[in-house]
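Excluded from the calculations below are hydrogen atoms, water molecules and symmetry mates; all remaining heavy atoms, backbone and side chain alike, are included. Residue indices begin at 1 and follow the sequence shown.
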Amino acid sequence: MWMWRGSLLLLLLLAAAVAAAAEPASTLTGPSRPVTVALREDRGHAVDLPDTDPRVQRRATGWAPEQIAVALSAAPTSAWVSWITGEFQMGGTVKPLDPGTVGSVVRYGLAADSLVRQASGDALVYSQLYPFEGLQNYTSGIIHHVRLQGLEPATKYYYQCGDPALPGAMSAVHAFRTMPAVGPRSYPGRIAVVGDLGLTYNTTSTVDHMASNRPDLVLLVGDVCYANMYLTNGTGADCYSCAFGKSTPIHETYQPRWDYWGRYMEAVTSGTPMMVVEGNHEIEEQIGNKTFAAYRSRFAFPSTESGSFSPFYYSFDAGGIHFLMLGAYADYGRSGEQYRWLEKDLAKVDRSVTPWLVAGWHAPWYTTYKAHYREVECMRVAMEELLHSHGLDIAFTGHVHAYERSNRVFNYTLDPCGAVHISVGDGGNREKMATTHADEPGHCPDPRPKPNAFIGGFCASNFTSGPAAGRFCWDRQPDYSAYRESSFGHGILEVKNETHALWRWHRNQDHYGSAGDEIYIVREPHRCLHKHNSSRPAHGRSNTTRESGG
């Protein structure tokens, strides 16, 4: 009997040890030692889906809706439904469709056979025009945006979109679930985070893996379809400037790639809300120095509802999370509109109601890869102190085509109350994977300014303190970099309660459901929010950092 009990006790202890070993690490134990996963194979580049692929071809006929997508409003009681009707046009001369030709109507309800409510919205058409001989112009189909209001939180709604007055102009029935009610005890089950997605065969692997995790919400932190990797005749390259930069009078785009992307993604976006923020590949300059036309037109943003009145930055709530989507390619200087809006938005956040503060933007502040190293230092100098003073928990970014997660950091210094920065620019686009680190011998980038009209100047200089003092780069993986790896993938955030969230990064080459990196991100409001509130600067200024040149 004693031996049996002893064996049982031993088995229980072994089981407990195995369970403890399997438990993900936690930020509560302090910063982890930097990890670099060696490149196991040359990832090379990804190959775009061709226009002959059935997944990107137009299946809708007549005025039937296509490219259907759901986006959130600022609160869970409202949501946006967007779609496109009609065909785009390409040619030397194009005539835009009349947006008034077809109505913008959504019928919705709590059952597929009981769509008893109806909402109407607006329609628009945009063009991408190039005033140069031989270049093709583009004008879109009719883009519709309809806002549904008076919704119940955490509720599944069925809907049809289109124009019920025209034959064959309504979609099939789709469904989506609203976010949980705003409050500290309710959270979306899973939030997928992806960046630099593109439309390649690697993209399809990323999206398939992401869909298998059944997210309730998708955050896309910039660089959507990479239409600007093409000439207007449809010829593409992995490096536009290398292939075409000296032979074209303007940076061309092939706008049908946007339509291909919308068609491919509809299986996800028609049933799962997706929130997007701009990246550099959305700039797309055209006639009259116009920029971001496709981005502004194709997506619905809670800009008015959140008071930003801009598609480049906005905020929204999902359960106990307040999300900030910030513009890395809009003016972020302290005298600009974005910064003033951010101050006002943060001042209204009640952390007893939305304990978690999560932000997303495109270009990372804490990348250690050579590609885009310290590229948006002006944005960090302008905004980091303000976000830190309000207790930012997590920052999601993309731009660098690899995965990297930081320890808690502020101003390049390990800080138990700093944010965890996670870069997921590894969605699968056709540009090459980032594989070289700035701290590798001979790979520290040139610190001299590189002209760029969209990133507000150049503020990076040699470090003045710490292990890298006097240098532009570290000579080893920096302490603030916890984990980095060059692989395609996506991430899933599961907020468990007011203080604990589980982050998992999933590599495309792994089995479905397995994680390449995982950690519990733990908030310490008793320690950090008190500290932030007692030391918050009057206007978010820091005496140790320079004013942004942007």
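Distance alone, capped at 3.5 Å, is enough to place a donor-acceptor pair between the R471 side chain and the P467 backbone. Put simply, the side chain of W80 never gets that close to the backbone of S82: no donor and acceptor are under 3.5 Å apart. A donor-acceptor contact shorter than 3.5 Å is absent between the side chain of D517 and the backbone of W505. Judged by distance alone, the side chain of R177 and the main-chain N or O of A154 form a donor-acceptor pair under 3.5 Å. In terms of modelled atom types and a separation under 3.5 Å, the side chain of N407 and the main chain of D479 share a donor-acceptor contact. No donor-acceptor pair closer than 3.5 Å links the side chain of T397 to the backbone N or O of A363. Put simply, the side chain of T354 never gets that close to the backbone of I321: no donor and acceptor are under 3.5 Å apart. Using modelled atom types, one side-chain atom of E404 and one backbone atom of T368 make a donor-acceptor pair closer than 3.5 Å. Between the side chain of R523 and the backbone N or O of T499, no donor-acceptor pair lies under 3.5 Å. Side-chain atoms of H209 come within 3.5 Å of backbone N or O of D510 as a donor-acceptor pair.
The minimum heavy-atom distance linking H251 with N228 is given by the pair NE2-O, 2.7 Å. Of all the heavy atoms in M379 and G327, the pair that sits closest is CE-O, 4.1 Å. Nearest heavy-atom pair, G398 versus S423, reported as atom, atom and distance to 0.1 Å: O-OG, 3.4 Å. When all heavy atoms are compared, the tightest approach of A293 to Q128 is CB-OE1, 4.0 Å. Across every non-hydrogen atom of S32 and A482, the tightest pair is OG-CB, 3.5 Å.
For the side-chain contact (heavy atoms from CB on, under 4.5 Å) test with L529, the passing option among E524, R351, H390 is R351; the others fail. Between R430 and the choices D238, D223, D196, the salt bridge (Lys or Arg N to Asp or Glu O under 4.0 Å) rule is met once, by D238.
Using a 4.5 Å heavy-atom cutoff, the side chains of R408 and Y480 are not in contact. A 4.5 Å side-chain heavy-atom check between S487 and Q509 finds at least one atom pair inside the cut-off. Using a 4.5 Å heavy-atom threshold, the side chains of I191 and L219 count as touching. Within the 4.5 Å cutoff, no side-chain heavy atoms of T253 are placed close to those of M229. H322 is not listed as a side-chain neighbour of V182, based on a closest heavy-atom distance of 4.5 Å or more. Within the 4.5 Å cutoff, no side-chain heavy atoms of N429 are placed close to those of D48. Contact check for W261 versus L197: side-chain heavy atoms found under the 4.5 Å cut-off. Between I143 and W83, every side-chain heavy-atom pair lies at or beyond the 4.5 Å cut-off.
Here NE2 of H500 is found 6.0 Å from OG of S26. Values are rounded to the nearest 0.5 Å. The line from CD of E498 to CZ of R185 is 5.0 Å long, rounded to the nearest 0.5 Å. If you take CZ on F301 and OG on S73, they are separated by 13.0 Å, rounding to the nearest 0.5 Å. In this structure, L49 CG and Y264 OH are separated by 7.5 Å, a value rounded to the nearest 0.5 Å. I519 CD1 to L502 CG: the interatomic distance, rounded to the nearest 0.5 Å, is 9.5 Å. Between E282 atom CD and H362 atom NE2 the span is 7.0 Å, to the nearest 0.5 Å.
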Is there a side-chain hydrogen bond (donor to acceptor under 3.5 Å, both in side chains) between Y373 and E375 once you walk through the steps? CA-CA 5 Å; Y373 179 70; E375 182 178 275; over 6 Å; no
Kindly indicate, with the supporting measurements, whether the criterion side-chain hydrogen bond (donor to acceptor under 3.5 Å, both in side chains) is fulfilled by R504 and N213. CA-CA 11 Å; R504 285 192 174 109; N213 281 318; over 6 Å; no
Applying side-chain hydrogen bond (donor to acceptor under 3.5 Å, both in side chains), run through H437 and E440 and close with a yes or a no. CA-CA 6 Å; H437 307 111; E440 294 175 15; 2.7 Å; yes
Going through the checks in order, is the side-chain hydrogen bond (donor to acceptor under 3.5 Å, both in side chains) test met by E284 and W258? CA-CA 12 Å; E284 298 187 333; W258 280 99; 3.0 Å; yes
Evaluate the side chain to side chain contact (heavy atoms under 4.5 Å, CB included) criterion for residues H281 and V224: first the C-alpha distance (whole Å), next the side-chain angles of each, then the deciding distance (0.1 Å), finally the verdict. CA-CA 7 Å; H281 283 274; V224 180; over 6 Å; no
Verify side chain to side chain contact (heavy atoms under 4.5 Å, CB included) between C473 and D439, making sure each step is shown before the conclusion. CA-CA 6 Å; C473 302; D439 47 86; 5.6 Å; no
From CA spacing to verdict: side chain to side chain contact (heavy atoms under 4.5 Å, CB included), Y520, T27: CA-CA 6 Å; Y520 275 105; T27 59; over 6 Å; no
Would E66 and R263 count as a salt bridge (Lys or Arg N to Asp or Glu O under 4.0 Å) here? Give the steps. CA-CA 7 Å; E66 65 162 356; R263 291 166 186 162; 2.9 Å; yes
Please test E431 against Y226 for side chain to side chain contact (heavy atoms under 4.5 Å, CB included), starting from the C-alpha separation and ending with a verdict. CA-CA 9 Å; E431 290 183 311; Y226 289 76; 3.6 Å; yes
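Using the six-membered ring where Trp is involved, F323 and F316 have ring planes that are parallel, under 30° apart on the 30 and 60° scheme. Ring planes of Y295 and F292: perpendicular class, angle over 60° (limits at 30 and 60°).
Of the N and O atoms on the side chains of H372 and H399, at least one donor lies less than 3.5 Å from an acceptor on the other residue. Under the 3.5 Å distance criterion, with hydrogens and angles disregarded, no donor-acceptor pair is assigned to the side chains of H388 and N411. Side-chain atoms of Q477 and T36 include a donor-acceptor pair closer than 3.5 Å.
In this structure, the ring of Y403 has its center no less than 6.0 angstrom from the ring center of F488. A centroid separation of less than 6.0 Å is found between the aromatic rings of Y366 and Y412. Aromatic pair Y158/H174: centroids not less than 6.0 angstrom apart. Residues F312 and Y329 keep their aromatic ring centres 6.0 Å or farther apart.
Taking the ring centre of F463 as origin, the terminal cationic atom of R374 falls inside the region bounded by 6.0 Å and 45° from the ring axis. Relative to the ring axis of W503, R405 does not place its NZ or CZ within 45° and under 6.0 Å from the centre.
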Considering only distance and modelled atom types, tabulate donor-acceptor pairs under 3.5 Å from the side chains of residues 266-275, sequence neighbours left out.
residue: E266; atom: OE1; partner: Q67; partner atom: N; Å: 2.8
residue: E266; atom: OE1; partner: I68; partner atom: N; Å: 3.4
residue: T269; atom: OG1; partner: I68; partner atom: O; Å: 2.8
residue: T269; atom: OG1; partner: M265; partner atom: O; Å: 3.2
residue: S270; atom: OG; partner: E266; partner atom: O; Å: 2.7

